[in-house]
K.L.:
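Let me give you the structure first, and then I'll get to my questions.
Throughout, protein chains are lettered first and strands after them, A, B, ... in sequence-line order, and every chain is numbered starting at 1.
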There are 2 protein chains.
Amino acid sequence: MANLDRSLIAGLFAFEGVAVTDLDRIVGQARSLRIAKDQPVFEQEQEAHSFFLLLDGHVRVVRSMPDGREVIVRYISPGELMGIAHALGRTTYPANAIAAVDCVALAWPSQLWPTFAMDFPSFSANTYKTVGSRLQDAHTRVIEMSTEQVDQRVAHALLKLVKQTGRKTEEGILIDFPISRQDIAEMTGTTLHTVSRLLSAWEEQGLVKSGRQKVTVVEPHRLLLIAEGRVEKS
Amino acid sequence: MANLDRSLIAGLFAFEGVAVTDLDRIVGQARSLRIAKDQPVFEQEQEAHSFFLLLDGHVRVVRSMPDGREVIVRYISPGELMGIAHALGRTTYPANAIAAVDCVALAWPSQLWPTFAMDFPSFSANTYKTVGSRLQDAHTRVIEMSTEQVDQRVAHALLKLVKQTGRKTEEGILIDFPISRQDIAEMTGTTLHTVSRLLSAWEEQGLVKSGRQKVTVVEPHRLLLIAEGRVEKS
DNA sequence: TCAAGAGTTTGCGCCAGCGCAAATCGCCAA
DNA sequence: TTGGCGATTTGCGCTGGCGCAAACTCTTGA
């Protein structure tokens, strides 16, 4: 195992308030791994042997239904924990996690979780804070699905991605990993056809620029108006 | 304060694995309260001063949007915790909780949470298990909203309620608290009109019997077929 | 007993968005 | 450079379910 260093994780939200010597102890028990694009980090129903911290890249968390339909639960960005099934009393992963691009992550055996929780209370508190905000997000999504039109949901999804992973370019803010119309459809409960139509219309109005697996938001503010339903469709 | 006794909470999932003497200590710090039908237990955005355990009755957890739309997040049954914002690092409640019928609950000041978590690790582990399964539920709901037709969603919602709170009667399984068409609509992201039409149709086919704020499921099995989309609509 | 209000049912018209299908485009490998 | 595959675009027709409106029916309180 190459030399893992506390500087990898110092400053991340999950480790806020953890003593420096403890960071060393934590990193010392991790192994690092690379995941190639489109390869799974972990799989739904699989025994939850490890939990992970994403260091670099982006991971798509997908829940699949018995009948084959798939829904994207969320995207994980660098610095976030994933696969923390054990912290929630589960022994299997609840979803598939697929690398959206080549990724680097740290992994710890799940059986370390109870020890970590005991020895590093800040770490465990931060983790539960994360879980709490994911629960919020999930509820927010239920509400969006319940009450909003497709164009609002797609606009919200793009804005969320921009906020989470946007990279400034001279054309606007680029979503920093390959994302297809199909992916956006699976995030918003619609079809790739409808997403394509919406993006085309928005491109015509200068709100976004998009290409193959690529979306750039040019005018976030006007997109927000659509997301909030304060715009009459033309 | 009337004599609170450990027998109130012994045997509940949240307190599994907690020593009997600890149960006494826990109950000793609780106050009990009654909430009249349609009165709030706690309110969205309000300072989260307490967390609660429902002893009797049913509580509706509702998230409201700035624009006035409302979505029912879940129903709480006797024995369940609610308002555990602090365990998730929040200082305010994320939703409104309204008594669906006259209720009895125990309440603890939120500042006890860290102590409880420290002193009664089984209790805290059970709580996080609950949070974990609520997160699962929320994701399941997102998926249902994304991929299912209205009739499937309503059928699923009824089956969930039946499983959670069903009481056997000679006509079938009764959902054991007053629930309106509007409530079901807010659980499934549709309108009371559509719910009414569906229930009427199902009543005609003998699947359910329903009246004012009352639903009895007569044939759960056939309802499940609808929920799973294995039935052609007539 | 009666009136008022809350909850429910039902008819009707409409349209957002899906399903299907076909064409086109862009990228990569050979 | 070319072929092939995956991603995207776009047209067209259809329909599930919503919005609106009106009538009806319990339940409750005076």
Side-chain angles (χ1 to χ4, degrees), chain A residues 37-38 60 68-71 100-101 144-155 157-158 175 177-205 208-216 226 229 231-234, chain B residues 36-38 60 67-72 98 100-101 144-155 157-158 175 177-205 208-216 226 229 231-234:
Chain A
K37 180 175 171 177
D38 295 326
R60 186 170 58 237
R69 285 169 308 186
E70 301 204 324
V71 173
V101 293
E144 287 180 5
M145 300 286 310
S146 296
T147 61
E148 296 181 353
Q149 311 261 74
V150 168
D151 59 344
Q152 295 178 266
R153 302 207 300 268
V154 173
L158 291 182
I175 294 172
F177 53 84
I179 184 166
S180 69
R181 307 290 182 268
Q182 176 69 35
D183 292 332
I184 298 174
E186 285 179 12
M187 298 178 70
T188 53
T190 179
T191 61
L192 79 165
H193 308 279
T194 299
V195 172
S196 176
R197 282 182 248 268
L198 284 171
L199 287 182
S200 298
W202 291 343
E203 181 136 18
E204 202 154 320
Q205 297 169 44
V208 303
K209 285 189 67 86
S210 74
R212 193 189 181 79
Q213 310 221 73
K214 180 168 92 62
V215 178
T216 304
I226 292 177
V231 167
E232 289 313 307
K233 265 142 280 182
S234 48
Chain B
K37 180 176 170 174
D38 296 327
R60 186 170 59 236
D67 62 13
R69 285 168 309 186
E70 301 204 325
V71 172
I72 296 181
I98 314 269
V101 294
E144 286 180 7
M145 300 287 310
S146 296
T147 61
E148 295 180 354
Q149 311 262 77
V150 167
D151 60 343
Q152 294 178 266
R153 302 206 301 266
V154 172
L158 291 181
I175 293 172
F177 54 82
I179 184 165
S180 68
R181 308 289 182 267
Q182 176 69 35
D183 292 332
I184 298 174
E186 285 180 10
M187 297 178 71
T188 53
T190 178
T191 61
L192 78 165
H193 308 280
T194 299
V195 172
S196 176
R197 282 182 250 268
L198 283 172
L199 287 182
S200 298
W202 291 342
E203 181 135 19
E204 201 153 320
Q205 298 169 43
V208 303
K209 286 190 67 89
S210 74
R212 191 188 184 78
Q213 312 220 74
K214 181 168 89 61
V215 178
T216 304
I226 292 178
V231 167
E232 288 313 306
K233 265 141 282 181
S234 47

K.L.:
Nearest-Å distance, CD (Q149(A)) to P (dG16(D))?
P.N.:
19 Å
K.L.:
In whole Å, I'd like the distance from the CD1 atom of I179(A) to the C1' atom of dT8(D).
P.N.:
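Rounded to the whole Å, the gap is 15 Å.
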K.L.:
Counting N and O atoms only, with roles assigned by atom type, does the side chain of R153(B) sit under 3.5 Å from a partner on the main chain of E148(B), one being a donor and the other an acceptor?
P.N.:
yes
K.L.:
Per the side chain to side chain contact (heavy atoms under 4.5 Å, CB included) rule, which among I184(B), T216(B), L158(B) passes with I175(B)?
P.N.:
L158(B)
K.L.:
For Q213(B) and dT9(C), give me the distance from atom CD to atom C1', rounded to whole Å.
P.N.:
15 Å
K.L.:
Please state how far atom CG in L199(B) lies from atom P in dT10(C), giving the value in whole angstrom units.
P.N.:
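Whole-Å distance recorded here is 11 Å.
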K.L.:
In whole Å, I'd like the distance from the CD atom of Q152(A) to the P atom of dG17(C).
P.N.:
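Q152(A) atom CD is separated from dG17(C) atom P by 9 Å.
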K.L.:
Quick check for you: among dT9(D), dT9(C), dG16(D), whose closest atom lies nearest to any side-chain atom of S210(B)?
P.N.:
dT9(C)
K.L.:
Counting only side-chain heavy atoms from C-beta out, which of dG16(D), dG17(C), dC18(D) sits nearest to V150(A)?
P.N.:
dG17(C)
K.L.:
Can you tell me if T191(B) touches the phosphate of dC18(D), counting only side-chain N or O atoms and a distance under 4.0 Å to OP1 or OP2?
P.N.:
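So the side-chain polar atoms of T191(B) do come within 4.0 Å of the phosphate oxygens OP1 or OP2 of dC18(D), strictly under.
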K.L.:
Looking at S180(A), I'd like to know whether one of its side-chain N or O atoms comes within less than 4.0 Å of OP1 or OP2 on dG6(D).
P.N.:
no
K.L.:
For S196(B), which contact category applies under a 4.0 Å heavy-atom criterion: base, sugar-phosphate, or nothing?
P.N.:
base
K.L.:
Counting distance alone, no hydrogens or angles: does the base of dT10(D) have a donor or acceptor under 3.5 Å from a partner atom on the side chain of H193(A)?
P.N.:
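Per atom types, the contact qualifies.
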K.L.:
Assess whether one donor atom and one acceptor atom, taken from the side chain of R197(B) and the base of dG16(D), lie less than 3.5 Å apart.
P.N.:
no
K.L.:
Is there a side-chain contact between V215(A) and R181(A) (heavy atoms, below 4.5 Å)?
P.N.:
yes
K.L.:
From CD of Q182(B) over to C1' of dG19(D), roughly how many Å is that when rounded to an integer?
P.N.:
14 Å
K.L.:
Whole-Å distance between dT9(C) C1' and I184(B) CD1?
P.N.:
14 Å
K.L.:
Are any of the side-chain heavy atoms of K37(A) and P178(A) separated by less than 4.5 Å?
P.N.:
yes
K.L.:
Take the protein atom CZ of R181(A) and the nucleotide atom P of dT24(C), then report the distance between them rounded to whole Å.
P.N.:
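Distance check: R181(A) CZ to dT24(C) P gives 19 Å.
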K.L.:
May I ask you to decide if E186(B)'s main-chain N or O and E70(B)'s side chain share a donor-acceptor pair within less than 3.5 Å?
P.N.:
no
K.L.:
Think T194(B) has a side-chain N or O under 4.0 angstrom from the OP1 or OP2 of dG16(D)?
P.N.:
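No, T194(B) has no side-chain N/O under 4.0 Å of OP1/OP2 on dG16(D).
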K.L.:
Counting side-chain heavy atoms from C-beta on, which of dC27(C), dG19(D), dT8(C) comes nearest to R212(A)?
P.N.:
dC27(C)
